[in-house]
Amino acid sequence: MTVTFNHTIIASKDRHESAQFYRDLLELPEAPSWGPFINIQLTDGVLIQFAEPPVEIQMQHYAFLIDDELFDRAYQRLCDGHIEHWADPQMRRPGETNTEHGGRGVYFKDPAGHAIELITRPYL
């Protein structure tokens with residue numbers, strides 16, 4: 001069997017709010033949820049589970065590879081929602097996107113404060 005990525009848990013302040021944020025931004029349908037998790041499922045079957053752990057949430061980085069058309073729509077949602085965003089992970093180019101690695105990219109924070117990256121071309 002080859003190795004594939006199956007699922008991850010993203011710590012959230014409000015699991016419902018975080019899941020809805022990603023569903024709206026990335027145009028994902030609802031997925032079955034259970035126990036302490038609110039789930040979303042990506043097109044390739046990877047499950048992202050949102051939970052509210054009883055600890056201080058440390059910022060993590062999550063990057064999503066999306067097509068150009070979804071990037072346009074997601075970027076417009078960021079702008080329409082007045083969500084602060086940057087062209088770079090150092091947050092020195094606010095309100096911009098980048099054109100590195102032959103595609104486009106943008107960085108922003110989700111409702112729990114995690115650093116999120118949307119890119120249209122893989123790095124490798």
Side-chain angles (χ1 to χ4, degrees):
M1 175 181 221
T2 61
V3 177
T4 59
F5 189 75
N6 181 262
H7 72 277
T8 193
I9 298 170
I10 297 180
S12 306
K13 296 173 187 171
D14 179 327
R15 61 192 174 148
H16 296 279
E17 176 187 29
S18 289
Q20 191 63 52
F21 175 83
Y22 284 85
R23 277 197 299 268
D24 292 345
L25 184 69
L26 301 175
E27 301 176 0
L28 298 168
E30 290 198 32
S33 296
W34 58 83
F37 306 111
I38 301 298
N39 302 322
I40 62 172
Q41 192 168 31
L42 304 182
T43 307
D44 60 0
V46 171
L47 189 66
I48 299 176
Q49 301 180 288
F50 298 90
E52 299 167 8
V55 297
E56 182 180 338
I57 296 173
Q58 299 295 312
M59 182 184 75
Q60 299 292 312
H61 173 75
Y62 300 98
F64 295 90
L65 177 63
I66 61 178
D67 64 34
D68 286 297
E69 292 78 18
L70 180 53
F71 185 93
D72 289 337
R73 294 189 304 272
Y75 184 69
Q76 189 62 52
R77 286 186 195 91
L78 292 174
C79 293
D80 291 348
H82 305 288
I83 296 172
E84 192 171 14
H85 59 277
W86 304 269
D88 61 313
Q90 298 81 18
M91 298 184 260
R92 290 184 278 205
R93 295 174 48 201
E96 298 179 36
T97 62
N98 69 60
T99 55
E100 298 167 13
H101 304 283
R104 294 181 291 162
V106 66
Y107 297 83
F108 55 95
K109 293 193 177 176
D110 77 358
H114 296 299
I116 308 303
E117 178 181 6
L118 301 180
I119 55 175
T120 61
R121 300 292 180 276
Y123 290 152
L124 300 177

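Predicted model, so just to flag it, every value in this text is computed and none were measured.
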Check: His85 ring centre within less than 6.0 Å of Tyr107 ring centre: no

Value rounded to 0.5 Å, distance of [atom1] in [X] from [atom2] in [Y]:
{"X": "Leu65", "Y": "Leu118", "atom1": "CG", "atom2": "CG", "result": "10.0 Å"}
{"X": "Asn98", "Y": "Ile119", "atom1": "CG", "atom2": "CD1", "result": "9.0 Å"}
{"X": "Thr43", "Y": "Leu28", "atom1": "OG1", "atom2": "CG", "result": "6.5 Å"}
{"X": "Arg121", "Y": "Thr99", "atom1": "CZ", "atom2": "OG1", "result": "11.5 Å"}
{"X": "Ile48", "Y": "Leu42", "atom1": "CD1", "atom2": "CG", "result": "4.0 Å"}
{"X": "Glu84", "Y": "Leu78", "atom1": "CD", "atom2": "CG", "result": "11.5 Å"}

Whether [X] and [Y] hold their rings parallel, tilted or perpendicular, with breakpoints at 30° and 60°:
{"X": "Tyr75", "Y": "Phe71", "answer": "parallel"}
{"X": "Tyr22", "Y": "Phe50", "answer": "tilted"}
{"X": "Tyr123", "Y": "His101", "answer": "tilted"}

State, to 0.1 Å, how close [X] and [Y] come at their nearest heavy-atom pair, and which atoms those are.
{"X": "Gln49", "Y": "Trp34", "answer": "NE2-CZ2, 3.4 Å"}
{"X": "Phe64", "Y": "Leu26", "answer": "CD2-CD1, 4.0 Å"}
{"X": "Trp86", "Y": "Phe108", "answer": "CZ3-CA, 3.8 Å"}
{"X": "Ser33", "Y": "Ile38", "answer": "OG-CA, 3.4 Å"}
{"X": "Glu17", "Y": "Asp14", "answer": "N-OD1, 2.9 Å"}
{"X": "Val46", "Y": "Asp44", "answer": "N-OD1, 3.2 Å"}

Shared hydrophobic cluster, Met91 / Ile83 (ILVMFWY, side-chain heavy atoms < 4.5 Å): no

When you measure from the side chain of [X] to the backbone of [Y], do you find a donor-acceptor pair of N or O atoms at a distance under 3.5 Å?
{"X": "Asn39", "Y": "Pro32", "result": "yes"}
{"X": "Thr120", "Y": "Arg104", "result": "yes"}
{"X": "Ser12", "Y": "Ile10", "result": "yes"}
{"X": "His114", "Y": "Ala11", "result": "yes"}
{"X": "Glu52", "Y": "Arg15", "result": "yes"}

Test log, rule side chain to side chain contact (heavy atoms under 4.5 Å, CB included), inputs Ile116 and Lys109: CA-CA 6 Å; Ile116 308 303; Lys109 293 193 177 176; over 6 Å; no

Test side chain to side chain contact (heavy atoms under 4.5 Å, CB included) applied to Gln60 and Thr8, step by step: CA-CA 12 Å; Gln60 299 292 312; Thr8 193; over 6 Å; no

Leu47/Asn6 under side chain to side chain contact (heavy atoms under 4.5 Å, CB included): CA gap, chis, key distance, verdict: CA-CA 6 Å; Leu47 189 66; Asn6 181 262; 5.5 Å; no

Electrostatic pair Asp72-Arg77, nearest N-O below 4.0 angstrom: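 Result for this pair is no, no salt bridge flagged.
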
Candidate pair Gln20 and Arg23, rule side-chain hydrogen bond (donor to acceptor under 3.5 Å, both in side chains), full reasoning: CA-CA 5 Å; Gln20 191 63 52; Arg23 277 197 299 268; 2.9 Å; yes

Atom CD of Glu96 with >12 non-hydrogen neighbours under 6.0 angstrom: yes

